[in-house]
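Everything on this sheet refers to the single structure shown next.
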Amino acid sequence: MKCRQCEKTEMIEKKENHHYRECGLDNVTIVGISVRRCPSCGNVMPLIPSIEGLHDALAQAIIKKNGPLTPSEIVFLRKYLGWSGSDFARNMHCDRSQISKWEHGTVEMSKPYDLLLREMVAGGKKITDYQRAELIWKRSIKSRPLRLKLQRKVWMEAA
Ligand SMILES: [Zn+2]
């Protein structure tokens, strides 16, 4: 396949681990997907199968994590729910400026809002009471690296 950017060279396809920055989170690696690279202009084109399933797996991992949601996780979850900033404000019963503060990290989301957002994302696949009760809430906890791999057509966390 010719590179769409420079329209000169054939792209070279290889299996790689892809640092999935496109999702807005910086701690996500997808393991062993096909990535096309252009040897001339450096254009990189990851071929991600079943993106919807991948985002389901990421959202589930985020709502079960310890520590407060980070601004980029909040943005990811809002988009995952298919909400604009205004939709988010309406559903969280707060105003638009509050949303912006959370998403830019100028104000940390308080615990009840954080839990509410997690519950809304959990939807049908409820966070169990046990998991919710066990969440550890320390600001010092950093989001751990997430490595996802497509296994028998289902995105799962890789070992
Ligand atoms: Zn190119």
Side-chain angles (χ1 to χ4, degrees), residues 1-92 96-109 113-114 117-125 127 135 139-159:
M1 201 194 124
K2 268 218 172 88
C3 172
R4 279 191 208 134
Q5 195 165 280
C6 65
E7 298 177 338
K8 279 187 292 201
T9 319
E10 287 293 315
M11 296 188 90
I12 297 167
E13 189 171 319
K14 250 181 31 180
K15 292 268 184 215
E16 291 181 16
N17 293 343
H18 178 63
H19 186 178
Y20 187 33
R21 291 187 194 86
E22 300 91 317
C23 70
L25 303 167
D26 60 11
N27 60 327
V28 179
T29 304
I30 36 188
V31 179
I33 58 157
S34 295
V35 178
R36 289 184 185 147
R37 287 176 184 277
C38 172
S40 305
C41 72
N43 183 17
V44 181
M45 206 173 107
L47 306 174
I48 305 170
S50 172
I51 291 196
E52 217 172 286
L54 173 63
H55 285 198
D56 286 340
L58 283 174
Q60 292 306 310
I62 292 169
I63 63 175
K64 285 169 192 152
K65 73 159 216 161
N66 289 315
L69 295 171
T70 66
S72 50
E73 286 163 346
I74 294 167
V75 174
F76 178 86
L77 294 178
R78 170 173 63 73
K79 290 182 179 167
Y80 174 75
L81 291 165
W83 291 344
S84 66
S86 315
D87 297 332
F88 194 20
R90 202 165 45 246
N91 284 299
M92 298 294 266
R96 187 71 188 73
S97 66
Q98 184 65 51
I99 301 294
S100 169
K101 286 174 193 162
W102 289 334
E103 294 193 347
H104 290 97
T106 43
V107 170
E108 187 179 274
M109 194 179 242
Y113 279 119
D114 182 308
L117 177 56
R118 291 181 200 228
E119 287 296 341
M120 290 194 288
V121 170
K125 309 163 211 166
I127 312 178
L135 288 175
R139 282 180 184 79
S140 56
I141 296 174
K142 295 265 185 293
S143 299
R144 68 189 166 84
L146 294 172
R147 290 168 55 84
L148 289 116
K149 194 176 178 186
L150 195 62
Q151 287 162 329
R152 296 198 188 96
K153 297 188 179 169
V154 181
W155 283 101
M156 304 215 284
E157 280 204 51

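If you read the sequence from its start, that first residue is 1, and numbering goes on from there. Computed over heavy atoms, backbone and side chain alike; hydrogens, waters and symmetry mates excluded. Note that ligands are numbered from 1 as they come in the structure, with each ligand's atoms numbered from 1 the same way.
- Listed by first and then second residue, the side-chain hydrogen bond (donor to acceptor under 3.5 Å, both in side chains) pairs that reach into residues 144-157 are R144-E157, sequence neighbours excluded.
- Inside a sphere of radius 2.8 Å centred on the Zn ion (ligand 1), the protein N/O/S atoms present are C3 SG, C6 SG, C38 SG, C41 SG.
- D26 CG to L146 CG: the interatomic distance, rounded to the nearest 0.5 Å, is 10.5 Å.
- In this structure, the side chain of R37 does not engage the main chain of V44 through any donor-acceptor pair within 3.5 Å.
- When all heavy atoms are compared, the tightest approach of M92 to L117 is CE-CB, 3.9 Å.
- For H19, the NE2 atom counts as densely surrounded, since its 6.0 Å shell holds more than 12 non-hydrogen atoms of other residues, nucleotides or ligands.
- Taking a cutoff of 4.0 Å between a charged side-chain nitrogen and a carboxylate oxygen, R78 and E103 qualify as a salt bridge.
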